[in-house]
Amino acid sequence: MFSFSSLLSLMHPVADILLKPIFLSALSASIHLLLLLVLLLSWVWSKVTLAAEPRGEESGEKERPSNSKTTVFGSVALSGFSLILCLLNFFYWYTSGWSEPESVLIVTLFDLALKTLAWGVVSVSLHKGCLKFSFFFRGWCVLYLFVSCYSFVVDIVVVRGRPGQYLVDDVVSTCAGLFFCYVGYFLMNKGHVQVQENDDSNGIREPLLNGDAKETKGGDSVTPFSNAGIFSILTFSWMGSLIAVGNKKPLDLEDVPQLDPGDSVVGAFPSFREKLEAYCGGANAINSVTTFKLVKALVWSAWKGILFTAFLAFLNTLASYVGPYLIDAFVQYLDGRRQYENQGYVLVSAFFFAKLVECLTQRHWFFRLQQIGIRINGLLVSLIFNKALTLSCQSKQVHTSGEIINFMTVDAKRVGAFCWYMHDLWMVVLQVTLALLILYKNLGLASIAALVTTVVVMLANAPLGSLGEKYQNKLMESKDTRMKATSEILRNMRILKLQGWEMKFLSKITELRKTEQGWLKKYVYTAAITTFVFWGAPTLVSVVTFGTCMLLGIPLESGRILSALATFRILQEPIYNLPDTISMIIQTKVSLDRIVSFLRLDDLQPDVCGTKAYVAQSPWIPSGKIEDNILFGTHMDRERYEKVLEACSLKKDLEILSFGDQTVIGERGINLSGGQKQRIQIARALYQDADIYLFDDPFSAVDAHTGSHLFKECLLGLLSSKTVVYVTHQVEFLPAADLILVMKDGKITQCGKYKDLLNSGTDFMELVGAHKKALSTLDSLDGVTTSNEINTLEHGVKVSDTQGFKEKASKDEQSGKIDEKSEQKGQLIQEEEREKGRVGLSVYWNYITTAYGGALIPFILLAQILFQALQIGSNYWMAWATPISEDVEPPIEGTTLIVVYVGLAIGSAFCVLVRAILLVTVGYKTATILFNKMHFCIFRAPMSFFDSTPSGRVLNRASTDQSAVDTDIPYQIGSFAFSLIQLFGIIAVMSQAAWQVFIVFIPVIAVSIWYQQYYIPSARELSRLVGVCKAPTIQHFAETISGTSTIRSFDQQSRFRETNMKLSDGYSRPVFNISGAMEWLCFRLDMLSAFTFAFSLIFLISIPPGFIDPGLAGLSVTYGLNLNMIQSWVIWNLCNMENKIISVERILQYTRIPSEPPLSLEENQPDPSWPSHGEVDIQDLQVRYAPHLPLVLRGLTCKFRGGLKTGIVGRTGSGKSTLIQTLFRIVEPSSGQVMIDNINISSIGLHDLRSRLSIIPQDPTMFEGTVRSNLDPLEEYTDEQIWEALDKCQLGDEVRKKEGKLDSAVSENGENWSMGQRQLVCLGRVLLKKSKVLILDEATASVDTATDNLIQQTLRQHFSDSTVITIAHRITSVLDSDMVLLLSQGVIEEYDTPSNLLENKSSSFAQLVAEYTMRSNSSFEKSVDH
């Protein structure tokens, strides 16, 4: 019977042939030759058919995109790899004396040459579109994979003595076969490689460098990351298209794609909220949230990412220790102690594979952590925003708006940033354990000394960490205080400029900054000591460990020492990071507790009494177009919209504005007058068609003429059938009310109709009596005017259409239209200035030479170079001075070995200390100088800068950018320089062992620099976009908080939540893409470094034994292990430095703001008694707010006599407030001049002018502080003078009631004082100042008639000999003036005494008075019936 053994004996010769290396090479050559022949035939056939078919080219063109650019890249890489391997084999055989049989050499080289040619042809064919993933090519790929796998198995299992390069070739071929089969059979079928017309997001199509990517408007598409293939995700190729666009042009926000729904707040928040509510016990139960429940919900929202990053971190840690573990074996191998034939190639493969795993896992670990951080930050911001919208009034008192914004900008961001530290605690345990195992293997019991020293260093780091944390917290607290003050100052800059207080408030900010600088100084010097510990720790641990080895008699061999040194270097990270991690955990816990305490505040309970519309007393106008403000989230109904504009007298205002209702309103309605803001508010309410209307003193900010029109057209017209509740100080509107509630001290004291209340009590009679007293002025002015004549006016004068006024207005409109054709039209609020292109070298030069003229920079670099040289020297000393093995005699004694090593270690540690101290000194000084420069320029900027610049932009520079300059940028620039020096050190060490490494180093560095240059334009613009996108988020948040009452009353919470989420996603988009772009670059640099490292290892094992010192070769490997990290670190630092330096660029932008004229001119200082008469002479005055905006005042000429009282009246928007601002030179005249007591106000210093004039502004402003600091911020007056002023303005008793008297607290914006009291404080300020010229800018608009009378009486008494200029909406405020100036559309319409103007019944002023009189004589009562 034919036995199995005989079968085997027959098969043995065949098996022997199949396992021969020559057969494997011949088989590989055959299949590549087959591929070449088929490609040749295919090319010939295409040429023949092309001649016969003209359309072939077109069809070919159409199908060409189906060829993957990634496969082209893969083919080129394979061709290049085969060429390098061919040359290496030739070199190897040449140096070893052609050790292989001649037939094997020829077949192997022929195989590699065919591979080079075949894959080169494949790449060209794929690129040209000649080769498609046809049935043949896919089948050939399977055959190629099978042959590669077969060769790989044979090399590993059967053939023992074959050189390692065959194994490397087989590994690469197997990977390539898998890749091409994956593309051919999986992606082709799914259509990932087939390009559709608008699909540019498929990752597998994109090469590692997507230079030819099609430009798409990213803003309309979702990030390619969402649909990327596995290869694209692994290599970050999905970022290629955006980086390619950024390399062609500066990126704009519309180029940046939308976030994946899972990462966007819009997509992720609903499910997160549901889960949080479920943990809290049901819907709307977030008030009962705890820190633990919030953390649970956040973890649930990202649990997949957390687990995945934990797995990546675990793999990364394991891979990072493979190198130190194998170094000893590698050194022994180089010394000739080889355990098996191919040990060198196995070691190289292990090093290389571990390095690849380390690089891949680190890149994806970092990227995924940032992705989780972005998501968590967005979720918390939305949660805080939503809570802010529902807070009750009592809860609002707990936190200021600044504190609520801090929850968003500081606390939510900190929780998001904690993701970086998420896995650090358990990783420290793993890292230390693995390190000790390696040390125990190499050094035995001496590893216990290493453990003890590591623990001691960690414990020594703990107080430094807690100290740093303490200083950082204090720094943040002082920064919060400064930012709160800065925010308040920016909000009220107009008042500061008018009063001449801006430099005093700048000194207040400077003092707050000095406190902050104190903590900053302590923080940065503590950080410098921590840096010293970080760099000194590995040296200390190694000194102690090697010393212990000497004491215990443990032999020190160079291989073991190098392994230990590499291990100590890895231990450096956990030693340094542990205090940081613990600190971050504490900070995150504090931030979470703060957020939870905010979320637990009571909400305003929702009501269900129908739809409401609300008009607040202080107008709330969010940034945006006028049209959007009126529509307020509802659809446009053109007919209704026009009716509302007509009813609110807005049409003429819109005609004056260059962009009509498309005009963009600045922050807090900065480019509108008070009356315009109020009327837009009213229009917003009217347009809503609500069931109930709530009006809080809506007519206080408008003139009598407009107020009457609004009352008739709005309340008695459009709202005649609606329920309207209105609060008012103006008694003349009360007769039309169906019911009047009289309130006093927070209680309703009377209730009833107007006539009933007149006869029933004192409270109502007080109000009416004050009003009648004001009206008595009319009788004294025009006693001959009878009630019949007034009635004639009543019937003959229409509210908004008087003959004289209309004619004049139409003339102005015509001339205005002619003028406007030549006017430069433009929006007041322009897009934020954003530099584009490369950050100029001047920015770097400015930064490094700001402190001490850059004198310390050379010393910092010298310290780093010496440190690097001493570090390399100490390691070189240990490698040289210790024997390779026990049987080799050491060249020196052990004591000398340790003493020299300790000396070098102390020297390097000292250099690090000097470098760290000098670096923070320069950084601290530079930050101080830049802060002072920027703030001085901001405070000296003209008011037009603040009008056109939302405060968010300034605050962003004062907070985020300044923080970067304080702490990040010195470290970043230093890190770049230091890492570059380290890289040169590594290259020097590696080239000492094998200079041939330069053959690879030079092209690799060239490619790295090219990659960096290709990447940086996109990264730079994305960083700028982050800065630009952050401000609108903060601004929208701040605006929303200030307008919650209005938003809630209109039931618009959902729309504002949606806007917030979109803005939050808009900010996250560039942040997400910066992360992706950074990892895109780092991955490519890591791969280049890994291949460089592998090349140097292959070269070292290819050199015959004895040709090189094994210790020195081992040292080069020890340094080479860090090559990828250092090379990536250099490029990463370079890119990050360019991204961070944008903060310096943005700060420098604000050090170049055009300044106001000088505060004082020594050569032209007015006499201390100026102005002694107070005569104001205006000559042909023309004013515009900005060069691109139309004229507001169009050639005014008039004279205000000294000591007389002049009233200025006119329709809202006629230029009244502009004239006042020109007197104070808040706005400089375009032409013409203003003379006060024969001195041209433009010829003297601003402070000299403004300090001699007094003003009670339209918006009564109080600052956070005390009563004393609000009345006398310049600290010029005694307490007695302040009390006297308080008594004069009827506030003395009120202040005496308070516990702190003059030091009693005033809250943010004076919220704990009523509007009337705030106005009286402003009166107190002018009483203290006692100027010869006093301006009242609608100063009594927001107070009741009694308070108005009180103010007027006080002014008459104490400013009888001063020039008083009054802008007023209440006619009674100007009726007792000596002169009245009536403005209309920027020109003087009338200027005369009140009695003269009233005598002319056709005068516009007479019509205004008649209108006010009609209103006051209950004329509206008749209108109720209709």
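Just so you know, these numbers use all the heavy atoms, side chains as well, and skip hydrogens, waters and symmetry mates.
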Given Gln1353 and Arg1356, is the side-chain hydrogen bond (donor to acceptor under 3.5 Å, both in side chains) satisfied, shown in steps? CA-CA 5 Å; Gln1353 182 184 339; Arg1356 276 193 292 271; 5.9 Å; no
Does the pair Asp1378 and Phe1200 meet the rule for a side-chain contact (heavy atoms from CB on, under 4.5 Å), with working shown? CA-CA 10 Å; Asp1378 300 301; Phe1200 303 152; over 6 Å; no
Decide yes or no on side-chain contact (heavy atoms from CB on, under 4.5 Å) for Thr1206 and Val1364, but give the supporting numbers first. CA-CA 6 Å; Thr1206 304; Val1364 180; over 6 Å; no
What's the verdict on side-chain contact (heavy atoms from CB on, under 4.5 Å) for Leu710 and Cys648, showing C-alpha distance, side-chain angles and the deciding distance? CA-CA 6 Å; Leu710 289 172; Cys648 296; 4.1 Å; yes
Given side-chain contact (heavy atoms from CB on, under 4.5 Å), test Val1306 with Trp1313 step by step and report yes or no. CA-CA 8 Å; Val1306 176; Trp1313 291 64; 3.8 Å; yes
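Counting all heavy atoms, side chain and backbone alike, Leu739 lies closest to Cys751 at CD1-SG, 3.6 Å. Heavy-atom minimum distance, Ile630 versus Gln688: O-NE2, 3.8 Å. A pairwise comparison of heavy atoms in Ala737 and Ile740 identifies CB-CG1, 3.9 Å as the closest pair. When all heavy atoms of Ala690 and Ala613 are compared, the closest pair comes out as CB-N, 3.8 Å. The minimum heavy-atom distance between Gly752 and Leu757, with the atom names listed, is O-CD1, 3.6 Å. Here the shortest heavy-atom pairing between Leu631 and Thr634 reads O-OG1, 2.6 Å.
With contacts defined as side-chain heavy-atom distances shorter than 4.5 Å, the pair Thr728/Leu734 qualifies. Using a 4.5 Å heavy-atom cutoff, the side chains of Lys1205 and Thr1366 are not in contact. The shortest side-chain heavy-atom distance between Ile621 and Ile680 falls under the 4.5 Å cut-off. Annotation: side chain of Asn629 is in contact with side chain of Ile665 (closest heavy-atom distance under 4.5 Å). Side-chain contact between Arg640 and Asp689 is present, with heavy atoms from C-beta onward closer than 4.5 Å. Side-chain contact between Ser395 and Asp603 is absent, with no heavy-atom pair separated by less than 4.5 Å. Counting only heavy atoms from C-beta outward, the side chains of Leu1286 and Val1321 never approach each other to under 4.5 Å. At a threshold of 4.5 Å between non-hydrogen side-chain atoms, the residues Val1326 and Ile1255 do not count as touching.
Between the side chain of Arg1325 and the backbone N or O of Asn1270 there is at least one donor-acceptor pair closer than 3.5 Å. Between the side chain of Gln1053 and the backbone N or O of Leu389, no donor-acceptor pair lies under 3.5 Å. With Asn1400 contributing its side chain and Ala1406 its backbone, the two residues share no donor-acceptor pair below 3.5 Å. Side-chain atoms of Glu1390 come within 3.5 Å of backbone N or O of Ser1404 as a donor-acceptor pair. Under a 3.5 Å cut-off, the side chain of Tyr726 and the backbone N or O of Phe733 do form a donor-acceptor pair. Checked by atom type and distance alone, the side chain of Gln750 never pairs as donor or acceptor with a backbone atom of Leu741 at under 3.5 Å. Without hydrogens or angle criteria, Tyr1391 side chain to Ile1388 main chain gives no donor-acceptor distance under 3.5 Å.
Interatomic distance, CD1 of Ile682 versus CG of Leu719, reported as 10.0 Å (0.5 Å rounding). Between the CZ atom of Phe1405 and the CD atom of Glu1389 there is a distance of 12.5 Å, given to the nearest 0.5 Å. Distance check: Leu1355 CG to Leu1336 CG gives 5.5 Å after rounding to the nearest 0.5 Å. Note: Asp653 CG to Lys651 NZ = 12.5 Å, rounded to the nearest 0.5 Å. From Ser1214, atom OG reaches atom NZ of Lys652 across 12.0 Å, with rounding to the nearest 0.5 Å. Between the CG atom of Leu1291 and the CZ atom of Arg1318 there is a distance of 12.5 Å, given to the nearest 0.5 Å.
Taking the ring centroids of Phe632 and Tyr687, they lie at or beyond the 6.0 Å cut-off.
Put simply, the residue from Ile1367, Leu1382, Leu1383, Leu1397 that forms a side chain to side chain contact (heavy atoms under 4.5 Å, CB included) with Val1209 is Leu1382.
With no hydrogens or angles considered, a side-chain donor-acceptor pair links Tyr641 and Asp661 at under 3.5 Å. Residues Ser1049 and Thr1046 bring no donor and acceptor atom of their side chains to less than 3.5 Å of each other. Side-chain contact annotation: Asp691 with Thr611, donor-acceptor N/O pair under 3.5 Å present. Counting only N and O atoms by type, the side chains of Arg679 and Gln676 include no donor and acceptor under 3.5 Å apart. In summary, the side chains of Ser623 and Glu1039 do present a donor paired with an acceptor at a separation below 3.5 Å, with no hydrogens or angles considered.
Using a 4.0 Å cut-off between charged nitrogen and carboxylate oxygen, Arg638 and Glu642 count as a salt-bridge pair. A salt bridge between Lys625 and Asp628 is absent, with no side-chain N of the basic residue lying under 4.0 Å from a carboxylate O of the acidic one. Residues Asp1287 and Arg1296 are paired through a salt bridge, judged by an N-O separation under 4.0 Å between the basic side chain and the carboxylate.
Dense packing is recorded around NZ of Lys1288, with more than 12 heavy atoms of other residues, nucleotides or ligands lying under 6.0 Å away.
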